[in-house]
Number of protein chains: 2
Amino acid sequence: MRGHIDGMVLATVEHEPLHGYAILESLTRRSGGALDLPTGTIYPALRRLEKSGFLASEWSTVGGRKRRTYRLTEAGRRALADERTSWRDLSGVVEALLRPQPGPA
Amino acid sequence: MRGHIDGMVLATVEHEPLHGYAILESLTRRSGGALDLPTGTIYPALRRLEKSGFLASEWSTVGGRKRRTYRLTEAGRRALADERTSWRDLSGVVEALLRPQPGPA
DNA sequence: ATCAACATGTAGATGTTCTATATATAGAGC
DNA sequence: GCTCTATATATAGAACATCTACATGTTGAT
């Protein structure tokens with residue numbers, strides 16, 4: 001999954017802000033269990049994305065538990081669009097190169 | 001491209017053995033120039049794949065230049081099949097998670 | 001002679017992700 | 001009261017692929 005996590009995280013908070021644990025659950029659920037990230041992956045990723053200016057966070061307390069809720073910034077919205085474009089490019093290339101060559105008939 | 005290079009290299013030598021530089025050219029040509037690996041990527045990758053038993057190499061001299069030609073081993077053939085399967089899985093997941101969520105109508 | 005293309009290779013830096021560990025609360029089951 | 005699971009966040013260090021930069025040598029064209 002290397003390199004694709006950032007885009008998937010940004011896409012997850014595209015329409016509603018979520019806290020880290022909820023993002024984790026959403027990714028697992030929407031992938032049908034195929035993607036099951038450890039917390040040691042998601043939290044550093046969120047901090048990296050915030051540091052890059054793609055996410056902004058806010059603390060709150062819900063039911064006695066502290067939550068850090070992340071929302072997509074304008075720059076994040078542009079980054080997500082870029083991720084989608086570069087995913088299309090990447091997957092086209094990989095698909096083409098992985099495909100068995102036609103014999104030199 | 002991280003993580004996908006191995007599969008693309010294996011696919012390149014699937015039907016005919018090639019030397020490193022020729023593999024590089026083939027990848028660039030077949031990707032329409034989108035993939036232009038530096039030699040510092042391809043040669044270590046080939047050694048890694050040989051060490052893993054997926055490629056076997058043989059030296060030859062053509063036109064005064066030394067070439068190391070790589071061919072796919074049986075294990076390499078299986079590894080390539082695995083790469084193709086896991087690419088399909090991966091791309092399905094990324095596609096699904098990158099896609100904009102349907103509104104909670 | 002010089003330069004581009006051919007051909008292989010190593011060393012070190014970079015950056016993402018994983019493993020392992022740490023902390024703390026809420027609620028269920030016993 | 002105790003324990004376990006789920007919720008919630010976080011860091012340190014290891015692993016690993018890839019990139020940058022460097023190093024070397026040949027062939028053929030200008």
Nearest 0.5 Å, what's the [atom1]-[atom2] distance between [X] and [Y]?
X	Y	atom1	atom2	value
Leu10(A)	Ser52(A)	CG	OG	9.5 Å
Leu18(B)	Arg67(B)	CG	CZ	9.5 Å
Leu46(A)	Ser57(A)	CG	OG	9.0 Å
Glu83(A)	Ile5(A)	CD	CD1	11.0 Å
Leu49(A)	Asp6(A)	CG	CG	4.5 Å

[X] [atom1] - [N] [atom2] separation (whole Å):
X	N	atom1	atom2	result
Arg29(A)	dT7(D)	CZ	P	13 Å
Lys66(A)	dA26(C)	NZ	C1'	16 Å
Leu24(B)	dA5(C)	CG	P	14 Å
Tyr43(A)	dA20(C)	OH	P	19 Å
Leu27(B)	dT18(D)	CG	C1'	14 Å
Lys51(A)	dG15(C)	NZ	P	10 Å
Leu49(A)	dG15(C)	CG	P	15 Å

Of the candidate nucleotides [options], which contains the atom at the shortest distance from the side chain of [X]?
X	options	value
Arg48(B)	dT9(D), dA7(C), dT18(D)	dT18(D)
Asp6(B)	dT18(D), dA7(C), dT7(D)	dT18(D)
Tyr21(A)	dT19(C), dA6(D), dA10(D)	dA6(D)
Leu37(A)	dC18(C), dT18(D), dA5(C)	dC18(C)

Checklist entry - Does Arg47(B) place a side-chain N or O at less than 4.0 Å from the phosphate oxygens OP1/OP2 of dT8(C)? => result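 Checking dT8(C) against Arg47(B), no side-chain N or O comes under 4.0 Å of OP1 or OP2.
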Checklist entry - Taking only side-chain nitrogens and oxygens of Arg68(A), does any of them come within less than 4.0 Å of OP1 or OP2 of dA10(D)? => result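 Answer yes for this pair, as a side-chain N or O of Arg68(A) is under 4.0 Å from OP1 or OP2.
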Checklist entry - Is there a donor-acceptor pair under 3.5 Å between the side chain of Ser91(A) and the backbone N or O of Trp87(A)? => result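 Yes.
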Checklist entry - Looking for any heavy atom pair under 4.0 Å, which part of the strands does Ile42(B) touch: base, sugar-phosphate only, or nothing? => result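 Touches nothing.
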Item to check | Per-nucleotide protein contact string for nucleotides 22-30 of chain D (B base, S sugar-phosphate only, - none; heavy atom under 4.0 Å) | outcome: ----BB---
Next on the checklist: Arg68(B) and side-chain hydrogen bond (donor to acceptor under 3.5 Å, both in side chains): which single residue from Glu50(B), Glu58(B), His19(B) fits?
Outcome noted: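 That would be Glu50(B).
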